[in-house]
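What you are looking at is a predicted structure, and each value in this text was computed from that prediction instead of being measured. Order of the sequence lines fixes the chain letters, A, B, ..., with proteins taken first and strands second; residue numbering starts at 1 for each chain.
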Amino acid sequence: MASGCLLLCWLLMAWPLAAAERAVVGSLDSVGSETLAGLMLRWGEQLERDYPGVRLQLQASGSATAPAALAAGTSRLGPMSRRMSAAEREAIEARQGHLPLEIPVALDALAVFVHRHHRLEALSLAQLDAIFSDTRRCGAARPLGRWQDVAGSKQQGSITRHGRNSVSGTHGVFKRQALCGGDFRLDVNEHTGSAAAVAAVAGAPGAIGYAGAGYLTAGVRAVALENAAGEAVAPSAEAVLSGDYPLSRPLYLYVNLPPGERLPPAEAAFIALVLSDAGQALVEESGFIALPEALRRAARAQLGLGEG
Amino acid sequence: MTDHAAFPRQRLRFICDRLATALISACGIGVIGAVLAIGVFLAVEVAPLFVAPEVREQATAGDSLPALASLPTDSLSAAGEQQQWQADGRELVVFQRTASGLELAGRVEAVPPSRRITALAALQGGRALLIGDDGGGVQRWVTLADQDLPVPAGRYQALGSAPIRQLIALPDRQALAVNEANQMGLYQAIGGLRWQGQAPSGEALGWDDQGGLWWGSPDAASRLEIDAEHAEVNWRSLWLPQHYEGYAAPQQRWQTSASDSRDEPRYGLAPLAWGTLKAAAYALLVAIPLALGAAVHTACFMSAGLRTRIKPTLELMEALPGVVLGFIAGLVLAPWVERYLPGVLALLLVLPLGMLSGGALWACCSARWRQRLPLSWAGLWLMPWLALLAALALWLSPSLERLWFDGDMRSWLALQLGLDYASRNAMIVGLAMGLAVMPTIYALAEDALSGVPKSLAEGAAAMGATRWQALWKVVLPAASPGIFAALMIGAGRAVGETMIVLMATGNTAVMTASPFEGLRSLSANIAIELPEAALGGTHYRLLFLSALLLFVFTFCVNTLAEVVRGRLRRRYQRLGGPT
Amino acid sequence: MRLARGEGPWAWLAAGSVALSLLLLVALLALLAGRGLAHFWPGELVQVELDDGSRFAARPGREERSAEGVERLYHTGNREWLGTPWRWVEVARIVDQQRPAELVIVERRRWGDFIGRVVGLEEDGVALDIDDEAARWTALDERLTRLARLREARDALRQEEVMPRVRALSAEQDVASRARLEDELAAANAEVLALQARMARDRVVLESVAGERLALPLEEVLALQRPNAMSLPAKLGAWGERAWRFLSEGPRAANTAGGVWPAIFGTVLMVLLMSLLVAPFGVLAAIYLNEIAHQGRLTRLVRISVRNLAGVPSIVYGVFGLGVFVYGIGGSLDEWFFSDQLPSPTFGTGGLLWASLTLALLTLPVVIVATEEGLARIPDHQREGALALGATRLETLRRVVVPMALPAMLTGMILAVARAAGEVAPLMLVGVAKLAPQVPLDGEFPFLHLERKFMHLGYHIFDVGFHSGDVEAALPLVYATALLLVVVILVLNLTAIFMRHHLKARHGALPR
């Protein structure tokens, strides 16, 4: 027993100690996704417990702020809830001379929420497009403005729509995946945070909104979505990992690292934590879906980090 | 102490005085200058938006022509995102791209009968097409998601009268048009013809790896520098409806998308300006009656002892931070109002009636009671009465809804009146921002009213006028410039308030007047989008333009108010009242 | 009767407006105070049985009435099993409610609250054999006290041994002393970790009402309460303790729990810096305008402009601050002095200095106007008297004018501070951060870090209310934060009003 305990102690101590040799000190700046903010904060708290000399400063107003900050050099870490676009990559390469490293850190499902009293079981992507878009690129014939027009809905009355503002990656991903790249209707409420969008849905029986599945609260219900095979799938971890759920996305951390250089110790410690089991446990605690081990191993290899 | 001992000290004092004066002056002028520089700085940042685009010929390369990517050779066909277009006389032949290859989707007459198409180019993104004809005309067509054929989206100013020889698509949805007379024009999808001039001799050769366009012949080539960073913006495109890609008709839109450059940015400031004014209007609708009523009561009816307590209390409301009001409006008030909508609307009727009925009841009371509850204290003792009535109205709200609105007032509104109800709407903003603006108007209006020389009101009273008559006929007209100034300053505050609008609305850039629909204001838009906007880009500068507009508007309104107030002050001085 | 008719209905509407305004103000403050203060109260826990036989323990919250009947919101905690720590329950479905005294609510470092029962204790993984309920509580209390002691020791060790070496290490260049420092740091870290290993000894075994079991390391327990067994004084004590922790601790769990200390600190520091900047310049500008400048048309124009600037929207100042201070001056500073750190900006990004400067600019008109008002109130014969006695202009200013106008200047300053403390919109552009646990003032040279981002109470309200993952849990925090902010601002304003009143009374007595 005592030896087991010793082993445990040693394990607890070994990892931070090994890194302390490389003097893990300094301040980490992170600018980017609002969706990832909660997770970044939790990682930051954990990191500060492991390494007293490290601090995380976080600004989270939306994914689009990350490439801007990486290009300007305002921060070295850019969490994004979508993939960086080609134009954004080019802008960074033009300013910094190299591309940022892309590390997937978690998986997220975009969920469509309705009020908890709303008895709507499933929506097809075309219906979703007809509700949220006025260009209707996914092929719906006419817009849906009232619940009685939505097949499968027992609700009456007009639909009010809630979502994120255009800075956010959630907005961008939903636009790409659910609206087929089309435009949002002008009357989709643009909230500055996912929590505010969900709270707005929870307060109004006729409302529908989208946000990360982790934002599910007691006041709302996530609607199942029909995927390409025509089956209605609820946003669960299994459905996302198997690829059945149609609206899912990896969440990324972009790191400004000149080629050939090693990560500074503070950044390395942070990313090692993010990709470790402890870090991924925090992912689940935050309502996201933990990254499969294979992806994590690939990311560690890409960064030249040991098995953490 | 002799004179000659005092003399250097005197000198020293004198020098000190001069130095200090100079220092204070320098500091004062510097500070005032710095403060005033705000407007200048904003204007400087905005100015590049309205600089006319230009196409310039750069130094020739001589022998060392860089490796060039070639231009499309066939100017009579163009490839879009989903479609392929071909010119055939007057007609545009449209092919749809499918999994199995190209499929004929249809033909459409694109130019007037006497003309024929001479050049085509697909704009960046592949959802719009420029068509040049043999009369120099250039027009844009856009594709729609639910139709096979593109639709015309506007005819630009023609480039001379010679046939268009070639259309070369450039980034940012621009294109260069060249005609047979060797004239060259720079078109932008929204901005139209932004520059025209003489084309260099020779042909377009191709792109170098920095995206520069080379022109001339292989022996004598020159590079064209296209200086059109903000070509999509001009004064008209900001304020008038524009025909954007994907739509059948022109629209007022503010929709930016940072995530993808394939999307056409929609920079219409009109919906934002509309939202700003709408929010301010609803806020003033709440604030003005409340503030003026309170000012009149405090200045003319309230007992002096109570006044010294009540006035600072109401002025204190001005200090409530916008973020607190916004939070309460957005997360507490909005869902609550939606649930008790009939009751809240009933309050609009119940509260004034309650005040009047309070007065009527008071008149019926015995003289003893009236003495115990005088009008000069009515501001206090009406409070429980109003609170009771409000509680009653809200308690009855569900019953009202069942009785008159079929159990759901929101769907009743939609069905009977065609009004959509958004939970974060102009009414909520009006309530919250009204509360924020009310104290400003109240304080200034009260000052104006109580500043009217007492002699005027006393004169009227001596002629037998009641207090209300004296107020209405004498005091109010005398104070009206001051009250006007109060309203102006209140309007200025309402226009610029950011956090309340940001938190209490859904930030929907719609242009409706309905109190039950949302809005997006200039100030909230800046707060949301400026952190993401790329430094120096069109979006960034447009947000600076929004700030400049807010600055100019509030500055003008406040100056007007200040001038009026100054006049009023001097008039009172002439009348011999207190300054 | 006659009088009433004579005054007419308008007089009553006017009186009603005053009443309504006051009512709104009172309702607003009552809402903030009620919800904000209630957040810290240890409310009762109930064990609920539903008609389908399922049971759960929770703290009841608000009720909502809808077409489906009355629903009540319960805070159930136990998020790892239930998915969300909140649950709406139709009241009609409840068949039984009990309030067992042994129900506990455990505030944990992770996964939010636990609600259920304590069923045992473990030491080094071995269950302790304590059957008696009371004895178990005593044992638990002892262990919690031991843990608190260890935690204190560890925090002290971090503060005194680890942090100074970390700071020294980041400044040290010499290889030899670096190696020495690193050795020392490793030793100190090992000590910390040894303490942490000792802290990990005890575990408490918890069981939810539905039967799930959990052995929770005591180290993860932040607070443990049995509200149903608490007496009123004990509850009051718990209330005070939670309120104090709210004021003195930093935020936890992605800002959805914990306190607001860094935000209080950031707000106060930013406002202090702003006052230091605005006071001298505002007063000098006012003295120049009122005492030195030639009182002509131009001065009048400038005066009107300065007054107007007080009405320019704060977001415009934010835009100006971003363009001029952050990108303009900050960018240049980085190029000149911090070019070795480029492209990571030092001053070329939002920070404390730029936020203070922006707010100083924003409040400058307030100070100028208030000071000028005070200066204008001083009768001319006071100045003339001083000048006639042979004083120079500087002496007149220093000995006569400024002392008399001092209360007005202070009023202006307080109003400026009150306005600055409540402004959020410009800060969003020039340097406020969602979480900046490293306060801008510490023992590290140069002690005051003007380039750092900071937290702010007003922005914290916006952020927690709109951005945190769990709105239900965040709302009470937001209320409490809002209450704090409003109280601070009201106190400042009341001081200003009091001083202005005092000033008027004093100068009203002066002969003109």
- Note on the structure: Of all heavy-atom pairs linking C/G323 and B/Y540, the shortest is CA-OH, 4.2 Å

- Message: Tell me the closest heavy-atom pair linking C/I315 and B/A527, and the distance in Å.
- Response: CD1-CB, 3.9 Å

- Item | Structural part of B/P289 lying under 4.5 Å from a heavy atom of chain C | backbone

- Can you tell which part of B/I38 gets under 4.5 Å to a heavy atom of chain C, answering side chain, backbone, both or neither? both

- Item | Contact origin within B/I310 toward chain C - heavy atom pairs under 4.5 Å | side chain

- Query: If every non-hydrogen atom of C/A15 is compared with every non-hydrogen atom of B/A378, which pair is closest and at what distance?
  - Reply: CB-CB, 3.6 Å

- Item | Nearest heavy-atom neighbours spanning C/V312 and B/N558 | N-ND2, 4.4 Å

- Message: Distance check, rounded to the nearest 0.5 Å: B/L361 atom CG versus C/W12 atom CH2?
- Response: 9.5 Å

- Message: Evaluate C/L22 against B/L314 for side-chain contact (heavy atoms from CB on, under 4.5 Å), listing each step before the verdict.
- Response: CA-CA 7 Å; C/L22 288 174; B/L314 287 181; 3.9 Å; yes

- Message: Could you go through B/M355 and C/L20, starting from their C-alpha distance and side-chain angles, then the distance that decides it, and tell me whether this counts as side-chain contact (heavy atoms from CB on, under 4.5 Å)?
- Response: CA-CA 9 Å; B/M355 297 169 194; C/L20 187 57; 4.1 Å; yes

- Message: Testing C/I489, C/N493, C/L25 one by one against B/L316 for a side chain to side chain contact (heavy atoms under 4.5 Å, CB included), which residue passes?
- Response: C/N493

- Item | Contact class of B/R493 relative to chain C, heavy atoms under 4.5 angstrom | neither

- Query: Between B/W468 and C/W10, what is the ring plane arrangement, given parallel below 30°, perpendicular above 60°, and tilted in between?
  - Reply: parallel

- Message: Could you check whether atom CH2 of B/W381 has more than 12 heavy atoms from other residues, nucleotides or ligands sitting under 6.0 Å from it?
- Response: yes

- Message: Could you report the tightest heavy-atom contact between C/G465 and B/L331, atom names first, then the distance?
- Response: O-CD1, 3.2 Å

- Task: Could you tell me which portion of B/L382 (side chain, backbone, both or neither) has an atom closer than 4.5 angstrom to a non-hydrogen atom of chain C?
- Result: both

